[in-house]
Number of protein chains: 2
Amino acid sequence: MSKTTITGTRSESVRLMNQSVVLRAVHLAGESSRSMLVPATGLTRGAVGTIVGDLVDLRLLEEERAGSDGSPGRPSTLVRPSPRAVVVAFDIRVETVAVGVFTLGGHRLAATRISRDHDRGPEHTVDEVATIARGLLELLPPDTVVHGVGAAVAGLVRQHDQLVVSGPNLGWRDVPIGALLRDRLGADVHVAVGNDGDLGALAETRRGAAVGLADVVYLSGEVGIGGGVIAGGRPLTGSAGCSGEVGHIPVNPDGLPCNCGSSGCWETEAGDHALLRRVGRSDEIGTAAIEAVVHDAEAGDAAVLAALDEHARWVAFGLAGVMNTFDPDLVVLGGTLARIHPYIAEAVDRELDRRVFDVIRAHARVVPSELGIDAMLTGAAEWAWESVLTEPPRAASGVAASTILRRSA
Amino acid sequence: MSKTTITGTRSESVRLMNQSVVLRAVHLAGESSRSMLVPATGLTRGAVGTIVGDLVDLRLLEEERAGSDGSPGRPSTLVRPSPRAVVVAFDIRVETVAVGVFTLGGHRLAATRISRDHDRGPEHTVDEVATIARGLLELLPPDTVVHGVGAAVAGLVRQHDQLVVSGPNLGWRDVPIGALLRDRLGADVHVAVGNDGDLGALAETRRGAAVGLADVVYLSGEVGIGGGVIAGGRPLTGSAGCSGEVGHIPVNPDGLPCNCGSSGCWETEAGDHALLRRVGRSDEIGTAAIEAVVHDAEAGDAAVLAALDEHARWVAFGLAGVMNTFDPDLVVLGGTLARIHPYIAEAVDRELDRRVFDVIRAHARVVPSELGIDAMLTGAAEWAWESVLTEPPRAASGVAASTILRRSA
């Protein structure tokens with residue numbers, strides 16, 4: 001049960017709060033001058049200097065005296081994320097798994113994506129991604145420090161014990177993914193696990209189509225429809241961390257059974273199976289089948305275009321409810337929904353005009369993802385960084401990459 | 001467009017933040033000892049003493065040296081909200097309007113509810129409620145200070161200009177309710193306007209069925225279905241303040257036209273019109289008609305009970321989507337949904353068991369409102385207090401009740 005708490009600020013915690021604010025500012029903006037950080041954080045020049053010093057001591061930031069740009073006065077010092085401070089990110093979805101190493105500041109140093117073996121269980125998947133992670137870490141300088149691990153999973157993740165309680169399309173149930181990853185990596189590193197839609201939303205607001213926006217809905221579409229919501233600038237979590245399952249809003253009282261156990265859920269009408277059913281490819285699934293549909297649409301196949309029009313009406317039918325619920329600045333479509341966007345955009349817009357309140361429709365745009373297939377991996381990295389971004393002194397418990405390689409050898 | 005901002009804390013603002021935390025704690029808990037405030041706020045005893053002194057100076061709190069309770073040590077000082085610090089709350093809904101005066105701490109000093117004249121426009125409604133407000137203020141001691149005005153309205157309220165952009169069931173469109181109230185009260189008092197569902201949610205988490213819970217969905221049911229959401233301890237607002245319109249989630253592709261301009265919205269299947277249609281009272285509407293249904297159900301009328309069962313399935317069909325979206329601790333049913341709750345609870349539960357993810361269903365309970373018809377009025381008072389709770393020095397711009405009476409005479 002989630003409880004509301006209100007807590008005062010002791011003066012000794014102000015420095016900690018401001019370390020968090022400055023680190024977050026540099027993480028989001030990248031290389032910054034100290035003078036830029038003053039207006040960006042609302043802190044005094046002196047406070048920025050002190051806090052940057054703290055973060056340099058923690059080996060999270062680096063400083064460099066900038067050359068004069070010709071303007072009068074002292075040249076400002078440049079502050080940038082340390083390229084030796086990294087997190088490892090995992091993206092575990094139905095068809096593929098991916099692993100990436102990201103620096104503070106969101107730069108991707110290396111990444112690999114492979115097909116997932118549907119017939120093997122979660123332990124096999126974790127073994128595979130841990131092996132890939134070790135391979136990527138081996139490429140990095142030996143003084144690299146891993147500050148956390150993030151994982152996006154196509155399922156409902158209970159936050160307090162990092163359990164995938166239900167991954168209907170993965171076929172997973174009650175998988176302790178956090179513990180498995182920590183175990184296979186053989187290191188006492190901070191692990192943060194999140195639902196793929198939630199982390200896609202985080203990624204798009206930090207690095208993609210929705211940078212800086214406070215109210216954003218992200219819809220992934222791979223097999224089902226996952227969702228993630230940023231509300232008032234913060235990820236929507238819910239009591240157990242399982243919010244945002246908008247693919248399981250019932251929209252059709254006469255609808256088909258859903259993998260979740262219900263029927264008529266939005267994803268049964270707007271997910272991949274529904275699209276393939278409408279174009280007469282009921283027995284197919286996966287990226288290749290979706291690409292075949294896109295190919296037919298590009299070629300102007302009238303039956304496929306009509307099927308996409310019908311599909312668009314169902315996409316908009318559910319999306320209208322999501323928009324009336326969240327009043328978002330932006331809806332970002334990922335996965336299949338992004339891929340077919342050019343062919344459904346007009347019909348979706350027409351239906352939304354009719355079904356969404358004018359005051360919401362006036363500002364809420366619907367756009368395809370900027371990060372594409374890498375949204376969840378990027379989001380997993382951002383999720384991994386949250387612990388250090390919130391409390392920078394935790395950087396002291398980062399683990400040397402070489403330690404992970406040695407222990408898991 | 002709503003933007004995310006991250007701002008540092010200057011040491012001079014810590015005192016302001018802690019004033020807010022202490023004031024909020026006393027507002028929510030009522031009379032407290034100074035010793036209780038130390039663990040409640042996480043502040044030191046000394047800081048609590050200083051901050052309470054600030055708030056006494058602002059005439060928001062009162063202090064009293066408590067008698068010894070026999071335990072060793074100094075008796076702790078009691079701190080309580082000043083009974084002279086009040087807000088005026090309005091509740092403007094389809095059938096009725098209500099006005100109340102509430103103290104800091106949420107005590108209701110006086111309140112009145114009357115029928116709303118459907119045939120007259122918003123100016124008439126505002127004239128009526130302003131007259132009632134003056135009548136209530138006349139009953140109070142002359143040194144009473146009005147710190148704000150709050151209004152709950154059965155419509156979409158754009159926050160930045162306090163405009164009711166759409167009140168489909170009130171028949172209102174683009175009504176500048178904030179400006180009208182300020183004008184008719186004739187005083188430069190802070191006015192906060194909110195959607196009825198949003199303020200019902202706020203009220204239930206502060207004073208009702210969901211006290212202290214961080215993730216709560218409130219569903220009002222008068223004519224339509226309004227909704228309000230508390231997510232992660234904060235009201236969900238959306239980009240323009242128009243989130244939470246869950247009554248306008250499309251749930252029936254073959255559904256009836258909705259007052260909002262769409263069709264098949266959840267409220268067309270789970271609102272009052274749908275219920276009355278199912279029991280054969282299509283030409284009726286309003287509280288009397290709903291009470292007649294409840295009366296028939298109490299008397300065991302088989303046809304009415306069967307109709308309620310069908311209605312329950314539609315209530316649950318939409319509610320399942322809301323629960324999968326928000327993963328709430330609690331769903332609070334207000335209005336008609338609370339009134340008929342005994343007759344629909346079992347069928348609703350059965351349907352939710354099937355349609356809501358187990359991990360969410362395991363903790364999310366569905367209960368009737370504790371505040372009943374007064375939820376929105378209570379929420380309007382809470383909303384009015386927010387400005388002072390967030391920044392207590394604003395209390396200095398409170399307006400004497402006598403000033404409002406004189407200016408508007």
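Labels below follow one simple rule: chain letters A, B, ... track the order of the sequence lines, proteins then strands, and each chain is numbered from 1. Keep in mind it's a predicted model, so treat the numbers as computed, not measured.
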*Asks:* What residue in Gly233(A), Ser239(A), Gly261(A) has the most heavy-atom pairs under 4.5 Å with chain B?
*Replies:*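 Looking at each of Gly233(A), Ser239(A), Gly261(A) in turn, Ser239(A) comes out on top.
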*Asks:* Top residue by heavy-atom pair count (under 4.5 Å) with chain A, among Arg313(B), Glu351(B), Glu245(B)?
*Replies:* Glu245(B)
*Asks:* Select, from Gly244(B), Gly42(B), Ser20(B), Cys242(B), the one with the greatest count of heavy-atom pairs under 4.5 Å involving chain A.
*Replies:*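 So the answer, after comparing Gly244(B), Gly42(B), Ser20(B), Cys242(B), is Cys242(B).
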*Asks:* Of the listed residues (Val359(A), Val165(A), Val48(A)), which shares the most heavy-atom pairs with chain B below a 4.5 Å separation?
*Replies:* Val359(A)
*Asks:* Find the one option among Ile360(B), Asn252(B), Val211(B), Val246(B) whose heavy-atom pairs under 4.5 Å with chain A are most numerous.
*Replies:* Asn252(B)
*Asks:* Of all the heavy-atom pairs spanning Ala210(B) and Val332(B), show the shortest one and how long it is.
*Replies:* CB-CG2, 4.3 Å
*Asks:* So which of Val21(B), Val216(B), Thr205(B) has the largest heavy-atom pair count under 4.5 angstrom toward chain A?
*Replies:*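 Between Val21(B), Val216(B), Thr205(B), the count favours Val21(B).
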*Asks:* Shorter than 4.5 Å, heavy atoms on both sides: which option in Gly321(A), Gly255(A), Ala231(A), Pro253(A) has the most such pairs with chain B?
*Replies:* Pro253(A)
*Asks:* So, for Val38(A) and Arg45(A), which heavy atoms are closest and what is the spacing to 0.1 Å?
*Replies:* CG2-CA, 3.7 Å
*Asks:* Cys265(A) and Gly247(A): which non-hydrogen atoms are nearest, and at how many Å?
*Replies:* CB-O, 3.5 Å
*Asks:* Quick check: closest heavy atoms across Arg355(A) and Ser262(B), and the distance to 0.1 Å?
*Replies:* NH1-OG, 3.1 Å
*Asks:* Flag the one option from Val14(A), Thr44(A), Thr7(A) with the top tally of heavy-atom pairs under 4.5 Å to chain B.
*Replies:*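 That would be Thr7(A).
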*Asks:* Testing the basics here: between Thr237(A) and Asp327(B), what is the closest heavy-atom pair and its distance to 0.1 Å?
*Replies:*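 Shortest heavy-atom separation between Thr237(A) and Asp327(B) comes out as O-OD2, 4.0 Å.
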*Asks:* So, for Ala364(B) and Met323(B), which heavy atoms are closest and what is the spacing to 0.1 Å?
*Replies:* CB-CE, 3.6 Å
*Asks:* Relative to chain B, which of Ala47(A), Ser166(A), Gly318(A), Ala240(A) shows the most heavy atom pairs under 4.5 Å?
*Replies:* Ala240(A)
*Asks:* Please indicate whether Arg354(A) has more than 12 foreign heavy atoms, meaning atoms of other residues, nucleotides or ligands, lying under 6.0 Å from its CZ.
*Replies:*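 Yes - once you tally the heavy atoms of other residues, nucleotides and ligands closer than 6.0 Å, there are more than 12.
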*Asks:* Under a 4.5 Å cutoff for heavy-atom pairs, which residue among Thr4(B), Ile249(B), Asp358(B) has the most contacts with chain A?
*Replies:* Thr4(B)
